[in-house]
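A quick write-up on the structure given underneath.
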Amino acid sequence: MAICIGVTAVASLSACTSASAGTSGSSSGQTSSTLQTVIKRGTLNVASCLTFPPFGSMDKSNKPQGFDVDVATAMATALGVKVHIVDTTSANRIPNLQTKKVDAVVCNFTTTAERAKQVSFSDPYIVAGEVLLVKKSSGIDTLKDLTGKTVAVTKGSTNGDAVKAGNPKAKIQEYDTSSAAVLAVKQGQADAMVEDSNFLNYQAKQDPSLKVTKDSVVPLEYNGIGVPLGDATWLQWVNTWLREFNTSGQAADLYKKWFGVDRPYPLNPSY
């Protein structure tokens, strides 16, 4: 499913071109990068997960909405082009980039060394812990409580491996979307779900029968914008824009708009 949204351009094409490091394209010898392609086309194609509120969903008018959708729209505005939102799943994020169906992925995309073999990642634009969503009556508070329990995870995510590493006796059940995994917990088909803390805190606010546990399955995860592998010019523009997007306060305002609180974690990790 693909939905096209028009945005008002606030940056000239010449400004977009100067934001890149040059016009030589990627390190693989391309004559032009995605940056030039997007500007010439007049449309930025972005994959977002529209079954993952408040990151992405469909409003009452069947139009995309959410934090990630707003980030993609702001990115297109800075380029002076329209944004074309392509609905995707976690499992299809990398294939969408590799087949050039989209120019970027803005869909709760956790940066990992394994994924970086296939796509390039921008600097972080949002940070999360990976926690458990359970029914308040479940008696589940930690990973240890998952022994013999069914844990819902999303296909294409790293959460199943993380759960198994923390408790090998947990049973993993994969679902196509995060919304389907949440529904499995609500209907008793799964005892718990592991997902992004930002997403699960939102779900718990919508349903008083649910709670989010304090026990994090993995350390903090840093989500970046995914772009095609090897296109250095495009990646540099995205990172340069992200720095402006964050330092201007626009990113913080969008986070508070969709999650109702200030960002709980700093964007840059400390060691």
Would you name the heavy atoms of [X] and [Y] that are closest together and state the gap between them?
X: P53; Y: S179; result: CD-OG, 4.1 Å
X: R263; Y: A251; result: NH1-CB, 3.7 Å
X: F121; Y: T110; result: CZ-O, 3.7 Å
X: A72; Y: I85; result: CB-CD1, 4.0 Å
X: Y265; Y: G129; result: CE1-N, 3.9 Å
X: A184; Y: Y175; result: CB-OH, 3.3 Å

Do [X] and [Y] have side chains that get closer than 4.5 Å, going by heavy atoms?
X: L79; Y: L35; answer: yes
X: N223; Y: V127; answer: no
X: K171; Y: K149; answer: no
X: V227; Y: V238; answer: yes
X: Y125; Y: M75; answer: no
X: K155; Y: T89; answer: no
X: M193; Y: L132; answer: no
X: K256; Y: D262; answer: yes

Among side-chain atoms of [X] and [Y], is any donor-acceptor pair under 3.5 angstrom?
X: D68; Y: S48; result: no
X: T150; Y: Q173; result: no
X: Y202; Y: D196; result: no
X: S157; Y: S90; result: no
X: T34; Y: D103; result: no
X: T233; Y: Q236; result: no

V81/V38 under side-chain contact (heavy atoms from CB on, under 4.5 Å): CA gap, chis, key distance, verdict: CA-CA 8 Å; V81 301; V38 168; 4.1 Å; yes

Residue pairs passing the disulfide (SG to SG under 2.5 Å) test where at least one lies in residues 82-187, sequence neighbours excluded: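 Residue pairs with at least one partner in residues 82-187: C49-C107.
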
Consider side chain to side chain contact (heavy atoms under 4.5 Å, CB included). Of V83, V102, N96, V71, which one does V46 pass it with?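 When side chain to side chain contact (heavy atoms under 4.5 Å, CB included) is applied between V46 and each of V83, V102, N96, V71, only V83 qualifies.
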
Just to verify, which of V153, L143, L146 counts as forming a side chain to side chain contact (heavy atoms under 4.5 Å, CB included) with V217?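 The passing option is L143.
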
Which distance, rounded to the nearest 0.5 Å, do you find between the [atom1] of [X] and the [atom2] of [Y]?
X: N159; Y: E221; atom1: CG; atom2: CD; answer: 6.5 Å
X: F67; Y: F199; atom1: CZ; atom2: CZ; answer: 15.0 Å
X: Q118; Y: L229; atom1: CD; atom2: CG; answer: 9.0 Å
X: T111; Y: R115; atom1: OG1; atom2: CZ; answer: 9.0 Å
X: N108; Y: N198; atom1: CG; atom2: CG; answer: 7.5 Å
X: N62; Y: L50; atom1: CG; atom2: CG; answer: 9.5 Å

List the steps and the verdict of salt bridge (Lys or Arg N to Asp or Glu O under 4.0 Å) for D141 and K214. CA-CA 7 Å; D141 292 302; K214 296 180 180 179; over 6 Å; no

Partners meeting side chain to side chain contact (heavy atoms under 4.5 Å, CB included) with T147 (sequence neighbours left out):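 If we apply the side chain to side chain contact (heavy atoms under 4.5 Å, CB included) test to T147, skipping adjacent residues, the hits are N167, K169.
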
Can you sort out the partners of P124 under side chain to side chain contact (heavy atoms under 4.5 Å, CB included), two or more places apart, ordered by chain and number?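 Here the qualifying residues are Y222.
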
Give the C-alpha distance, both sets of side-chain angles, the deciding distance and a yes or no for side-chain contact (heavy atoms from CB on, under 4.5 Å) between F55 and V69. CA-CA 7 Å; F55 287 93; V69 174; over 6 Å; no

Is a salt bridge present between K257 and D70, judged by a nitrogen-to-oxygen distance below 4.0 Å?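 Result for this pair is yes, salt bridge flagged.
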
Could you please spell out the steps behind the side-chain contact (heavy atoms from CB on, under 4.5 Å) verdict for W241 and I225? CA-CA 11 Å; W241 168 75; I225 296 173; 4.1 Å; yes

Starting from the C-alpha separation in whole Å, work towards a yes-or-no answer on side-chain contact (heavy atoms from CB on, under 4.5 Å) for D191 and I140. CA-CA 8 Å; D191 301 294; I140 297 173; 4.0 Å; yes

